[in-house]
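Below is one structure, written out as structure tokens, with a few remarks after it.
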Amino acid sequence: MVLGGNSRIVFEYPDDLMRVYYMLEIVNNAGPRLRIGGPLIIDLTAEAAGTLRSRGSSPQAIVTGRGSP
């Protein structure tokens with residue numbers, strides 16, 4: 001599993017407020033389904049406003065917690 005070439009960190013400054021977006025493309029280039037012993041969990045800091053799944057993401061990607069569908 002690797003971060004794909006479409007991974008980005010985007011900074012925006014609307015209304016003098018900095019917003020940071022981590023856009024991660026996670027790629028399994030090994031071929032067969034990768035077994036990591038459970039779900040891949042990415043914890044956010046307490047200051048993070050939330051998460052979302054991008055349009056066109058794999059239906060296997062799930063956002064829980066402070067995320068939105």
Side-chain angles (χ1 to χ4, degrees):
M1 211 163 35
V2 297
L3 291 179
N6 288 322
S7 295
R8 305 275 188 273
I9 300 174
V10 178
F11 295 89
E12 290 184 349
Y13 296 95
D15 304 321
D16 294 327
L17 175 69
M18 183 174 71
R19 294 182 182 170
V20 181
Y21 300 91
Y22 292 89
M23 302 171 70
L24 303 178
E25 177 187 39
I26 300 172
V27 179
N28 174 13
N29 58 5
R33 187 174 186 178
L34 185 64
R35 300 198 184 277
I36 60 172
L40 173 64
I41 298 173
I42 301 173
D43 288 324
L44 303 177
T45 64
E47 295 84 9
T51 61
L52 60 90
R53 186 173 66 131
S54 298
R55 187 177 340 161
S57 294
S58 167
Q60 294 176 330
I62 299 171
V63 174
T64 61
R66 291 179 283 163
S68 57

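Leu24 has its side chain within reach of Leu3: a pair of non-hydrogen atoms, C-beta onward, lies under 4.5 Å apart.
In this structure, Tyr22 is a member of the same hydrophobic cluster as Phe11, with clusters built from ILVMFWY side-chain heavy atoms closer than 4.5 Å. Under the 4.5 Å side-chain heavy-atom criterion for ILVMFWY residues, no single connected hydrophobic cluster contains both Met23 and Val27. Note on Ile36 and Ile42: same hydrophobic cluster, where clusters join Ile, Leu, Val, Met, Phe, Trp and Tyr whose side-chain heavy atoms are under 4.5 Å apart, directly or indirectly.
If you take OG on Ser58 and CG on Asn28, they are separated by 11.0 Å, rounding to the nearest 0.5 Å.
Across Leu44 and Ala48, no two heavy atoms sit closer than the pair CB-CB, 3.7 Å.
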task: Kindly determine whether Met1 and Ile26 satisfy side-chain contact (heavy atoms from CB on, under 4.5 Å), including the steps that lead there.
output: CA-CA 7 Å; Met1 211 163 35; Ile26 300 172; 3.5 Å; yes

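Partners of Leu17 by side chain to side chain contact (heavy atoms under 4.5 Å, CB included), not counting sequence neighbours, listed by chain and number: Arg19.
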